[in-house]
Amino acid sequence: MTFVLTWLIGRLPIGWLQLQHNRTRLLSAVGGVTFANVLIFMQLGFMGALFESSVKAHRSWNADIVIASSDFRSIRELNPLPRARMFQALAVDGVAEAECLYVAPKTWTDPETGDTTTFRVTGVRPDAHAFKDERIQSQLHLLREGDVGLVDEGSRQFNPHISENIARDGVHQVEIAGRRLELRGLFHQGASFDADGALVVSDQTFFRMLPQFRAGTPSFILVRCDAGADVERVMADINASFSEADARAFTMEGIVRAEQSYQRRQTPIGFVFSFGIVIGFIVGLVMVYQVLTTDVQDHLPEYATFKAIGYSSWYFLSVVFEEALSLATLGFFPGLMISLVLYHVAAEATALPITMPWTRPLMVSGFTLLMCTISGALATRRLAQADPADLF
Amino acid sequence: MGPASTDSPRMLADSPHSVPAIETRGLCHSFGGGEAKLEVLHSIDLKIERGEVIILMGPSGSGKTTLLTLVGCLRSVQTGSAKLLGQELLGADERHLMNMRRHLGFIFQAHNLHNSLSALQNVRMGLEVHGRASLKQWRVACENTLKLVGLGDRLHYLPGKLSGGQKQRVAIARALVGNPDVVFADEPTAALDRATGQQVVSLLRRLADERKTTVFIVTHDHRILDYADRIVRMEEGRIIDSTTAVQDLAE
Ligand SMILES: Nc1ncnc2c1ncn2[C@@H]1O[C@H](COP(=O)(O)OP(=O)(O)OP(=O)(O)O)[C@@H](O)[C@H]1O
Ligand SMILES: [Mg+2]
């Protein structure tokens, strides 16, 4: 190690040797960095899950363009739009198909377990090609019979009896809003922060479950374009074709972006997690700073000796930064490992898509380097106290 | 000559041997300011030639260490003139002083070895300061210097595993490995037993004879006086007497 470092930096890796010499100090500093890393990773994990889960429904739709009410902000706060907009959209050049989607939350209490689940219920024509999600699309025909539903097995605290019954008998009967509903199929979407799971029913069943909804006022209109059509242009044409400004067309990415920016800006959740990241950063910063300043303090006589020999102030700065970078590296990898385990545990417990995209470790390692560099920079202020004249 | 015209290190080392190693004129120094200002050196005139071994003696508090740190570039010169290897130190900036220090070797009373570095690595620190080029043959150079001080069998020991005398000898090797033009030593034998002390000083004597290294020793140790070319005595911030060693012994 020492040999490799010596070769790399062209001088003895004093900082590294110093850290290595005092094992308790090294451990506490590395522990601090690891702790900060885990904190930051967990906050990012939950925040990522928030953004990811909030658009899982959108991403399951088979659409190039999505039309929503003009004041669309989030799937959590939907306003209906007139079905007439679908016919206007169909008249636009490049539009192949369009479909109405009805979306609303509905709570249900499982009599077996007593757990209350808030489902995001989606109503759709059983003949529609409305889903990209193969499992949903292939079972839509089951909904041609009334009062039949497909249920999300990734729902929070999903009762395994339901899937067992469906596998054995092809059906599990429940009662929602005072009506019987036969669950005949399963799919996997997972919970989000506002809904525990998803339920897909036919449009007719939807209106029976939620009588305040009318066929003439859908929540979304899904539009598929002709092969090779310029989606951006078609979207602009659809928007231009609307006689009234009560609806707005988005591209698929557009509506995903709109939903995520709502989650980030309008809900406290985004703020809370950003705050958590800052706290993690500061905790790590302070712990590394503490260790580096004590270390500099302890080595002042040696540093003064080196100054007397002719080493410049740059040399000592580079030693402190060498220490900071060593700590960042040593603390990062255990932090990453622990976080991966905790991600797994948290994903199990919350049914949220808490996963590690490959960009996140890069970002956090960047944070860690920054954190340790700032600590190092603060710690170097003590170096000025090393005065070679005091050595004799 | 001002600091702006600083010579490059090599040119300095090659400067003619006729230039004195150290030359001070009217050098004064005070500590503190205002009411508490205390002058501890009063108009010191001292000239030390290349390859000379001089010993500075005097009672405690007479200003020996202060004089050594001034001509050793560890303190800024306040008034008077102090020339080291022909370069004026009065008014020199920190950068200039730092460059000058690389031509010097220091042996401190406290050895100040780095506890996390082995004996060999500590000595290497004395070479590394001269840049990458100096490191080509570092291992041979460092090992030879450690052998010179009798520690050829302790190369990879950490200071914690060495005795006080051995640590002091590692520090001496660190001071000598870069072939300094001037060696400053403040009480170098204080931590050593009689035999080792003699050995170290005779080593310095040999360097002076063979390499024209100038050696400036501050000491209270009378046993080493006969290694010196000249003995300078100080009292209350003044040089009171400067005699050759032979004269001194004769008294
Ligand atoms: N940093 C300082 N600040 C204030 N006064 C100082 C400082 N260093 C030394 N002095 C004073 O300067 C005077 C000379 O000190 P110096 O250390 O040069 O003496 P010395 O001859 O080396 O003594 P010793 O033999 O005890 O080492 C003393 O009176 C001392 O108290
Ligand atoms: Mg002294």
(request) Give a yes or no on whether A/Lys56 atom NZ has more than 12 heavy-atom contacts from other residues, nucleotides or ligands under 6.0 Å away. (result) yes
(request) Please name the pair of heavy atoms, one in B/Asn112 and one in A/Glu302, separated by the smallest distance, quoted to 0.1 Å. (result) O-CG, 4.3 Å
(message) For chain A, which candidate among B/Arg102, B/Glu94, B/His114 shows the most heavy-atom pairs at distances under 4.5 Å?
(response) B/His114
(request) Evaluate whether atom CZ of A/Phe333 has more than 12 neighbouring non-hydrogen atoms of other residues, nucleotides or ligands under 6.0 angstrom away. (result) no
(message) Any heavy-atom pair between the side chains of B/Met98 and A/Lys307 that's under 4.5 Å?
(response) no
(request) Tell me, for B/Leu113 versus chain A, whether the close heavy atoms (under 4.5 Å) come from the side chain, the backbone, both or neither. (result) backbone
(request) Taking atom CD of A/Gln297 as the centre, report whether more than 12 heavy atoms of other residues, nucleotides or ligands fall under 6.0 Å from it. (result) yes
(message) Tell me the closest heavy-atom pair linking B/Phe108 and A/Thr305, and the distance in Å.
(response) CE1-CG2, 3.7 Å
(message) Any heavy-atom pair between the side chains of A/Tyr311 and B/Arg101 that's under 4.5 Å?
(response) no
(message) Between B/Glu128 and A/Leu12 (side chain of the first, backbone of the second, donor and acceptor by atom type, cut-off under 3.5 Å), is there such a pair?
(response) yes
(request) Can you see which heavy atom on B/Ser116 is nearest to which on A/Leu17, and at what distance? (result) CB-O, 3.5 Å
(message) If you count heavy-atom pairs within less than 4.5 Å of chain A, which of B/Arg174, B/Gln121, B/Met125, B/Arg124 leads?
(response) B/Met125
(request) Work out which heavy atom in A/His21 is nearest to a heavy atom in B/Asn115; give both atom names and the distance. (result) CE1-O, 3.2 Å
(message) Other residues, nucleotides and ligands only: do more than 12 of their heavy atoms fall within 6.0 Å of NE2 on B/His220?
(response) yes
(request) Could you tell me whether A/Phe35 atom CZ has more than 12 heavy atoms of other residues or ligands within 6.0 Å of it? (result) no
